[in-house]
Asker: 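Below is one structure. I have some questions about it.
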Amino acid sequence: MTDPQRFDLLILGGGMSYVGAIRAAQLGLRVGLVERDRLGGTCLNRGCIPSKALLETADLLHRVTEQGAELGLAGGADVALDYSALARRRDAVVEKHVKGVEFLMKKNGITVLRGNGELTGPTSLRISGGESGELEASATDLLLATGSAPKSLPGLEIDGERIITSDEALKLDTAPARVTIVGAGAIGVEWASLYRDFGAEVNLVEFLDRVVPLEDPDVSKELARVFKKRGINIFTASTIDPATIERADGGLHFAVKANAGDRVTEVTSDLILVAVGRKPLTEGIGLEKIPGLELERGYVKVDGFMRTGVPHLYAMGDIVPGFALAHVASHEAVVAVETIAGHHPEPVRMELMPRVTFCRPQIASVGVTEEEARAAGHEVKVGSFPFRALGKATIIGEIDGFAKLVADAQTGILLGAHLIGPHAGDILPEPTFALLVEGTAAEIAMSVHAHPTLPEVLVEAALAVDGAAIHV
Ligand SMILES: Cc1cc2nc3c(=O)[nH]c(=O)nc-3n(C[C@H](O)[C@H](O)[C@H](O)COP(=O)(O)OP(=O)(O)OC[C@H]3O[C@@H](n4cnc5c(N)ncnc54)[C@H](O)[C@@H]3O)c2cc1C
């Protein structure tokens with residue numbers, strides 16, 4: 001054992017917590033960051049960044065090959081995907097950003113301790129099995145940030161070859177010709193969209209009765225409509241029967257069964273990509289040694305300042321309840337370290353967190369759905385506007401989808417925004433800000449939007465809340 005290391009703040013897990021590490025250093029804390037793998041965690045190495053690098057090419061390919069002729073580009077149909085070049089770019093994009101995080105750690109004087117960390121107490125750790133050797137470290141405060149890993153289902157054990165998760169899919173140097181995706185949540189529909197643009201035969205199997213089941217039902221309906229138009233085979237309220245899986249025709253043969261009734265579809269795919277959610281990584285890190293630490297379905301319980309209830313022990317990111325998203329994790333990291341440093345940040349408010357799913361058409365939402373608002377006791381007014389009626393959408397040739405705003409009927413205060421359509425994620429910051437400042441639909445309509453732009457869809461949807469949309 002080397003000498004114990006003493007810090008103001010120790011962080012276990014170097015994913016999105018790196019943002020909090022930098023903020024803590026800015027506030028004058030001496031920070032030790034423990035990571036057993038590459039810095040940047042899931043988002044940088046196995047999540048947001050590599051998957052969006054692939055989706056960018058998928059989108060370009062679609063625009064050139066399928067829309068090129070209409071847009072006046074000859075020869076687009078002959079453009080072909082070079083997946084090995086794309087894989088090199090995907091890896092280069094990741095590499096650039098991992099190096100960037102490493103640089104920022106050095107620049108801010110943050111000590112990176114390389115190895116597997118395990119709590120020996122609420123604010124102390126044993127680190128082993130990595131470049132930093134065997135050591136004990138302790139601090140005044142400790143932030144747990146160990147993230148999450150993909151889940152699977154009984155009978156669909158991940159073999160890393162034919163039955164895979166997003167972790168393995170992001171390492172492949174080829175695209176499958178036939179793929180079945182299990183789970184139509186955010187990750188599942190992104191892969192379905194991507195592989196379809198790359199020319200694969202895609203089956204999307206969802207246990208619940210609609211795709212993207214956490215989104216507004218109107219959004220689910222529109223996505224299903226467009227995905228079907230794109231040739232994606234959707235099986236909702238269905239599962240793969242694991243007992244039927246057998247190797248055949250160079251791939252896997254199996255039955256997709258409806259939850260009710262006797263509909264059975266025989267399917268052959270090169271790959272089954274399991275995207276049924278993620279589990280928090282809270283086992284094997286010594287949590288059982290911390291009296292008073294509360295877990296709920298494996299997640300560490302925290303308050304709005306990321307305090308666990310055990311003095312000086314904080315938690316953030318995918319191991320705490322709430323949306324498992326990178327920007328949520330980094331926001332939580334900042335709130336945690338500002339609290340630790342004795343500042344008085346606003347608490348994290350999960351209802352203000354924006355969500356974007358990067359399939360085509362893109363999905364973006366913030367706040368509550370119409371149903372959730374009613375269930376919470378609001379009388380609501382709703383306004384929707386289709387992209388099809390917007391000049392900019394016609395110009396770029398992407399007319400599917402709509403914006404839907406949910407407002408309180410009495411006050412007009414915005415309660416939620418639900419978009420599906422071109423660049424929906426880039427339009428979302430405006431309703432996200434409106435929710436923060438308790439803005440009304442009328443104020444969104446009042447704010448003049450430049451023409452022709454996609455955010456004009458919000459003005460029309462806001463006018464539609466009072467039945468006054470112009471271009472319908
Ligand atoms: C395919 C995919 C696509 C995604 N796309 C998006 C997206 O577009 N937008 C978005 O907002 N979110 C996206 N996400 C979610 C996002 O990646 C996560 O919400 C985010 O990475 C969570 O950050 P975190 O810091 O909590 O955990 P992680 O990023 O998982 O980091 C945890 C870190 O802790 C380390 N660690 C764990 N245990 C130990 C230990 N005992 N000792 C030392 N180190 C340890 C791990 O190695 C890891 O580096 C995506 C996820 C996936 C899987």
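Below, each value reflects all heavy atoms present in this structure, side chains not excepted, and no hydrogens, waters or symmetry copies. Note that ligands are numbered from 1 as they come in the structure, with each ligand's atoms numbered from 1 the same way. On a predicted model such as this, the values are computed, not experimentally measured, just so you know.
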Asker: Has Arg355 got any heavy atom lying under 4.0 angstrom from an atom of ligand 1?
Answerer: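 The answer is no: ligand 1 sits nowhere under 4.0 Å from a heavy atom of Arg355.
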Asker: Tell me which part of Ser148 gets within contact of ligand 1: side chain, backbone, both or neither, using heavy atoms under 4.0 Å.
Answerer: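 Backbone only; the side chain of Ser148 stays clear of ligand 1.
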Asker: Kindly write out the residues that satisfy side-chain contact (heavy atoms from CB on, under 4.5 Å) with Ile158, not counting sequence neighbours, or none if the list is empty.
Answerer: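 Ser152, Ile163, Thr165, Glu168, Val274.
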Asker: How does Ala145 reach ligand 1, by side chain, by backbone, by both or by neither, if only non-hydrogen atoms under 4.0 Å count?
Answerer: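 Looking at Ala145 and ligand 1, just backbone atoms fall under 4.0 Å.
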Asker: Answer with yes or no whether the side chains of Arg46 and Ser51 bring together a donor and an acceptor at under 3.5 Å.
Answerer: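 Note: Ser51 and Arg46 side chains miss the donor-acceptor criterion.
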Asker: Is it the side chain (CB and beyond), the backbone, both or neither of Arg278 that lies under 4.0 Å from ligand 1, heavy atoms counted?
Answerer: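 Contact part for Arg278 vs ligand 1: side chain (C-beta onward).
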Asker: Please step through side-chain contact (heavy atoms from CB on, under 4.5 Å) for the pair Val276 and Lys151, ending with a clear verdict.
Answerer: CA-CA 6 Å; Val276 293; Lys151 278 201 289 207; 4.3 Å; yes
Asker: One residue to check: Ser166. Relative to ligand 1, which of side chain, backbone, both or neither has a non-hydrogen atom less than 4.0 Å away?
Answerer: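 Side chain only.
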Asker: If you measure from each non-hydrogen atom of Leu12 to ligand 1, which part falls under 4.0 Å: side chain, backbone, both or neither?
Answerer: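 Leu12 to ligand 1: side-chain contact only, backbone stays beyond 4.0 Å.
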Asker: Determine, for Lys229 against Asp400, whether the closest basic-nitrogen to carboxylate-oxygen distance falls under 4.0 angstrom.
Answerer: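 So Lys229 pairs with Asp400 through a salt bridge.
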Asker: Side chain, backbone, both or neither: which part of Ile285 has a heavy atom under 4.0 Å from ligand 1?
Answerer: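 Contact part for Ile285 vs ligand 1: side chain (C-beta onward).
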Asker: Record the part of Thr42 in heavy-atom contact with ligand 1 below 4.0 Å; permitted values are side chain, backbone, both and neither.
Answerer: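 It is both backbone and side chain that touch ligand 1.
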Asker: Assess Gly115 for proximity to ligand 1: is some non-hydrogen atom of it under 4.0 Å away?
Answerer: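 It does; at least one heavy atom falls under 4.0 Å.
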